[in-house]
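Have a look at the structure below, then the notes.
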Amino acid sequence: MPTVSPLPSFEPGKLDLTSTAFRAWLAEERARKLSLDVAHKPLILIGAGSYLARDFVADVVAKGRVVALVDNVRAGQTFEGIPYIGDAALGNLLTRTPDAIGLLCCGSENAINHFTKAWGHRPQPLLSYFEVISLLPDIASHNYWFVPAFSDPEQIAAIHEKAGKVFSDALSLQTLDALMLYRLTWDIRHIARIAKPEKAIYFEPDVMPMTNHERLVDGGAYDGDTVRDFITKTGGHYDHIHAFEIDPVNADAFAFKTQDIKHLDLHRVGLWNQRAEMGIEQRIDNGSRVSQNAKVTVPLDAMDNMDLGAVSLIKLDIEGAENQALEGGRKLIETHRPKLAVCAYHKADDFLTILDTLLSLRDDYRLTLRHYSPILFDSVIFAL
């Protein structure tokens with residue numbers, strides 16, 4: 001992977017993204033990456049079987065000089081005439097094409113760790129696919145509109161200034177700095193400095209201590225993965241679980257996989273700021289979301305309209321509707337002061353809007369920030 005130019009030393013929360021020195025460093029970083037000439041060099045797509053990057057892989061194969069796709073499961077197959085190889089064959093390939101550039105296409109913690117290790121300390125650069133999209137926006141499809149949206153320097157500076165005044169613990173400030181540096185450069189090594197294990201999300205003891213009498217609202221319940229983790233972390237001692245899932249396929253899977261769990265209600269309703277009905281964009285991963293253009297419609301409602309009891313913990317990972325859900329639970333939150341775990345990565349301005357809402361709900365919450373992925377996804381704001 002190409003060497004990142006050294007940053008000026010700074011204390012957590014002291015990084016000045018608007019300074020002349022920082023902007024000069026950022027310009028030098030971009031110029032250095034552009035000099036790699038990704039558009040004209042032979043490319044090796046690493047982890048090319050990733051579902052997350054399937055459109056990116058197809059676009060780069062169509063428009064770039066791809067010489068191989070690395071995916072151990074598909075080794076021996078081809079895609080548009082390009083061979084799939086196993087990572088064990090990387091060494092010989094790089095010997096034959098010493099000017100090749102690696103594009104890391106996967107997004108999960110295990111896959112990135114595996115393929116980064118397989119690439120090793122080679123002189124050829126290894127770039128993340130968001131990094132490549134930021135350098136060559138024409139090479140990728142409209143599915144990656146969010147890369148430039150999340151990279152706006154003025155918005156990032158505004159986020160950094162606002163959030164830097166809200167978070168006070170050292171790890172939150174380090175996490176904030178790393179996330180903003182990542183969005184400005186898309187270099188995954190900035191994230192690697194602060195990323196927590198993916199499996200630790202929502203219920204780390206230092207940011208989400210729990211009692212034996214929790215009453216959980218699980219917003220974005222998917223197939224029950226969060227509920228099962230919650231039960232493990234509480235040792236099975238809790239009062240009640242209200243799970244919300246709008247995707248009918250996911251809700252069916254949730255119902256099937258949680259049949260033996262007691263004190264659990266599944267609500268096939270999306271959390272919102274009022275009672276409504278909206279279309280849903282269904283996906284085969286866990287990213288289904290409300291959409292005004294979708295054909296399948298689902299009911300939405302506000303937490304304040306439901307009899308949920310004295311909720312003690314709210315987790316929201318609902319594909320960009322987190323702020324509306326918080327507004328829809330304003331009375332519940334003001335009354336019961338539940339602990340909150342709110343995802344803030346679905347929209348470019350999530351940090352700004354969600355922090356504004358959290359600060360308006362109560363004035364006695366202590367907010368912390370943690371990140372649970374090696375790429376953009378899974379930033380969580382906790383309120384205790």
Side-chain angles (χ1 to χ4, degrees), residues 1-8 15-48 50 52-53 55-70 82 90 93-94 97-107 112 115-116 119-157 160 177-193 348 374-376:
M1 197 176 287
T3 302
V4 175
S5 302
L7 282 172
L15 180 63
D16 184 358
L17 301 182
T18 65
S19 71
T20 301
F22 179 81
R23 294 198 171 186
W25 171 84
L26 193 61
E28 290 173 3
E29 275 291 279
R30 184 166 180 82
R32 182 182 61 78
K33 290 180 181 178
L34 287 171
S35 71
L36 294 173
D37 197 18
V38 177
H40 301 101
K41 292 287 182 66
L43 305 175
I44 302 171
L45 305 192
I46 313 295
S50 166
L52 185 67
D55 294 323
F56 173 78
V57 170
D59 287 338
V60 177
V61 165
K63 301 173 184 178
R65 289 184 56 200
V66 179
V67 296
L69 308 170
V70 179
I82 308 298
L90 263 177
L93 177 61
L94 289 169
T97 53
D99 59 338
I101 295 174
L103 307 186
L104 196 60
C105 301
C106 46
I112 286 180
F115 285 113
T116 301
W119 188 266
H121 300 288
R122 305 179 189 278
Q124 294 96 332
L126 177 62
L127 306 175
S128 71
Y129 68 98
F130 291 166
E131 211 168 0
V132 173
I133 293 166
S134 72
L135 296 170
L136 302 171
D138 293 337
I139 207 169
S141 70
H142 67 280
N143 292 316
Y144 297 97
W145 60 268
F146 62 86
V147 173
F150 274 79
S151 302
D152 178 70
E154 299 306 318
Q155 184 182 75
I156 289 172
H160 192 260
D177 286 345
L179 289 174
M180 298 303 103
L181 285 170
Y182 173 65
R183 285 170 56 166
L184 288 166
T185 65
W186 298 108
D187 188 323
I188 60 175
R189 287 169 299 175
H190 292 301
I191 292 286
R193 299 174 181 176
I375 55 175
L376 176 66

Leu376 side chain near Val147 side chain, heavy-atom distance below 4.5 Å: no
Shortest non-hydrogen separation from Phe115 to Cys106 and the atoms involved: CD1-SG, 3.9 Å
Distance in Å, Ile188 CD1 paired with Leu127 CG, rounded so as to fall on 0.5 Å steps: 9.5 Å
Side-chain heavy atoms of Val132 within contact of Leu43, under 4.5 Å: no
Atom pair CZ (Arg183) and CD1 (Ile156), whose distance is rounded to the nearest 0.5 Å: 5.0 Å
Side chain to side chain contact (heavy atoms under 4.5 Å, CB included) evaluation trace for Ile44 with Gln124: CA-CA 11 Å; Ile44 302 171; Gln124 294 96 332; over 6 Å; no
Check: Ser19 side chain, Asp16 main-chain N or O, donor-acceptor pair, under 3.5 Å: yes
Shortest non-hydrogen separation from Lys63 to Asp138 and the atoms involved: NZ-O, 3.0 Å
For the student: nearest non-hydrogen atoms of Ala149 and Gln155, plus distance: O-OE1, 3.8 Å
Which atom of Gly107 lies closest to which atom of Pro374, heavy atoms considered: O-CG, 3.5 Å
From Leu181 atom CG to Leu26 atom CG, the distance as rounded to the nearest 0.5 Å: 8.5 Å
Minimum heavy-atom distance Leu52-Tyr144, with the two atoms named: O-OH, 3.5 Å
Within-4.5 Å side-chain heavy-atom neighbours: Pro153 and Leu17: no
Plane angle bin for Trp186 and Tyr182 - parallel if under 30°, tilted between 30 and 60°, otherwise perpendicular: perpendicular
Spacing of Leu90 atom CG and Arg122 atom CZ [to the nearest 0.5 Å]: 6.0 Å
Ring pair (Phe, Tyr, Trp, His ring centres under 6.0 Å) partners for Tyr129, two or more places apart: Phe56
Nearest heavy-atom neighbours spanning Leu15 and His160: O-CE1, 3.0 Å
Distance, nearest 0.5 Å, that separates CD1 of Ile191 from CG of Leu179: 4.5 Å
Among Leu126, Val70, Leu104, the one residue meeting side-chain contact (heavy atoms from CB on, under 4.5 Å) with Trp119: Leu126
Heavy-atom check, side chain of Leu103 versus side chain of Val66, under 4.5 Å: no
Rounded distance (nearest 0.5 Å) linking atom CZ of Arg189 with atom OG of Ser128: 10.0 Å
Aromatic ring pairing Trp25/Phe22, orientation class (parallel under 30°, perpendicular over 60°, tilted between): tilted
Donor-acceptor under 3.5 Å (Ser151 side chain, Leu184 main chain): no
From CA spacing to verdict: salt bridge (charged side-chain N to carboxylate O under 4.0 Å, His left out), Glu154, Arg23: CA-CA 12 Å; Glu154 299 306 318; Arg23 294 198 171 186; 3.4 Å; yes
Check: Arg65 side chain, His40 main-chain N or O, donor-acceptor pair, under 3.5 Å: yes
